[in-house]
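Hydrogens, waters and symmetry mates play no part in the numbers below; they use all other heavy atoms, side chains included. A, B, ... follow the sequence lines: proteins, then strands. Residue 1 opens every chain.
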2 protein chains.
Amino acid sequence: MDNKNSISKIKEAIARSNEVLDALADLYKVFADATRVKILVALTQSEMCVGDISEFLEITQSAVSHQLRVLKTGGLVKSRRDGKTIVYSLADAHVRTMIDCGMQHLTE
Amino acid sequence: MDNKNSISKIKEAIARSNEVLDALADLYKVFADATRVKILVALTQSEMCVGDISEFLEITQSAVSHQLRVLKTGGLVKSRRDGKTIVYSLADAHVRTMIDCGMQHLTE
DNA sequence: ATAACATATGAACATTTATTCATATTTTCA
DNA sequence: TGAAAATATGAATAAATGTTCATATGTTAT
């Protein structure tokens with residue numbers, strides 16, 4: 001059957017891009033947490049240090065620090081030291097695009 | 001301080017859109033699994049029944065069914081009955097856009 | 001009606017994940 | 001140098017998640 005044939009073509013295509021699709025899921029995983037999303041959205045407005053984020057999200061400094069590590073490992077934020085504090089900001093413009101893309105889906 | 005002031009402005013903005021940001025994280029959650037991503041990408045090529053998906057992903061029919069429910073609850077796929085089988089397809093064009101957006105981030 | 005087929009569902013289990021607590025590290029300033 | 005401040009890290013715990021197994025539901029064809 002023709003349908004059968006095209007399904008197996010798709011199967012091959014998926015198998016070929018298996019690693020990419022795993023990476024794609026991993027990328028979405030980084031966005032898939034309310035705390036991280038709020039951190040990212042906040043960083044679209046201004047760079048911030050850990051203490052500021054902790055304060056305005058009203059969660060412990062440790063929790064923020066752990067989540068920032070996830071975001072940094074995922075390549076979504078970068079950091080620089082400024083005296084005693086460490087200032088976080090979005091890694092690049094793509095992050096903003098990803099958020100906008102999701103928001104657009106929500107608001108249809 | 002001016003920085004202090006702008007941080008508290010951002011805090012208010014985040015608090016105001018709290019529910020939206022929770023929903024945004026929930027949306028990303030639906031994409032945040034390799035099995036679901038592969039199902040979605042497959043569906044960008046052609047609508048498919050559960051058995052086809054199960055076969056080409058080489059996972060049990062039950063697992064596929066469970067994941068399709070997550071995708072459907074999340075509003076990413078829709079289904080229609082065709083005789084004995086149930087055919088799944090992408091819910092709308094936004095899904096494709098979300099995937100493209102993620103892919104673009106990966107391939108920079 | 002009943003057998004066969006396709007899909008859905010619920011319970012159980014293992015794995016992952018987010019947070020907290022305690023503590024380590026690094027920098028500033030007295 | 002030593003105390004204080006800001007951040008990072010590791011272990012522990014609770015909650016969420018994905019898969020499998022067994023079984024239920026719904027559809028077709030005999």
Contacts under 3.5 Å, N or O only, protein and nucleotides 26-30 of chain C:
none

| message | Strictly by salt bridge (Lys or Arg N to Asp or Glu O under 4.0 Å), give each pair with a member in residues 83-102 of chain A just once, sequence neighbours left out. | response | none

Listed pairs under 3.5 Å, donor-acceptor, residues 72-79 of chain B side chains, sequence neighbours left out:
from, atom 1, to, atom 2, distance (Å)
B:K72, NZ, B:S79, OG, 2.6
B:T73, OG1, B:R69, O, 2.8

| query | Who are the side chain to side chain contact (heavy atoms under 4.5 Å, CB included) partners of B:T60, not counting sequence neighbours? | reply | B:S62, B:A63

| remark: Residue pairs meeting ring-ring contact (aromatic ring centres under 6.0 Å, His included), one or both in residues 61-108 of chain B, sequence neighbours left out, come to A:H94-B:H105, A:H105-B:H94

| Of all nucleotides in DNA chain D with an atom under 4.0 Å from a non-hydrogen atom of chain B, which is the first and which the last going 5' to 3'? | D:dT17 to D:dT28

| task | Using salt bridge (Lys or Arg N to Asp or Glu O under 4.0 Å) as the criterion, list what pairs up with B:R16, not counting sequence neighbours. | result | none

List, with names and distances, any nitrogen or oxygen atoms from the protein found under 3.5 Å away from nitrogen or oxygen atoms belonging to nucleotides 14-20 of chain C.
from, atom 1, to, atom 2, distance (Å)
C:dA18, OP1, A:R36, NH1, 3.0
C:dA18, OP1, A:R36, NH2, 2.7
C:dA18, OP2, A:R36, NH1, 3.3
C:dT19, OP1, A:T35, OG1, 2.9
C:dT19, OP2, A:Q67, NE2, 2.5
C:dT20, OP2, A:T60, OG1, 3.0
C:dT20, O4, A:H66, NE2, 3.2

| Taking only residues two or more places apart in sequence or in another chain, which ones pass salt bridge (Lys or Arg N to Asp or Glu O under 4.0 Å) with A:E58? | B:K11

| remark: Taken in chain and number order and not counting sequence neighbours, the residues that satisfy side chain to side chain contact (heavy atoms under 4.5 Å, CB included) with A:Q61 are A:V50, A:S54, A:S65

| field | Protein-nucleotide distance (B:K72, atom NZ; C:dA8, atom C1'), rounded to Å | value | 11 Å

| request: For B:D26, check salt bridge (Lys or Arg N to Asp or Glu O under 4.0 Å) against everything at least two apart and list the hits. | output: B:K29

| task | Give, for atom CD1 of B:I7 and atom SG of A:C49, the distance between the pair rounded to the nearest 0.5 Å. | result | 7.0 Å

| query | What is the nucleic acid contact for A:S65, judged by heavy atoms within less than 4.0 Å: base, sugar-phosphate only, or nothing? | reply | base

| query | What pairs of residues pass the ring-ring contact (aromatic ring centres under 6.0 Å, His included) test when at least one of them lies in residues 21-51 of chain B, not counting sequence neighbours? | reply | A:Y28-B:F31, A:F31-B:Y28

| Between C:dA6 atom P and B:R80 atom CZ, what is the distance in whole Å? | 16 Å

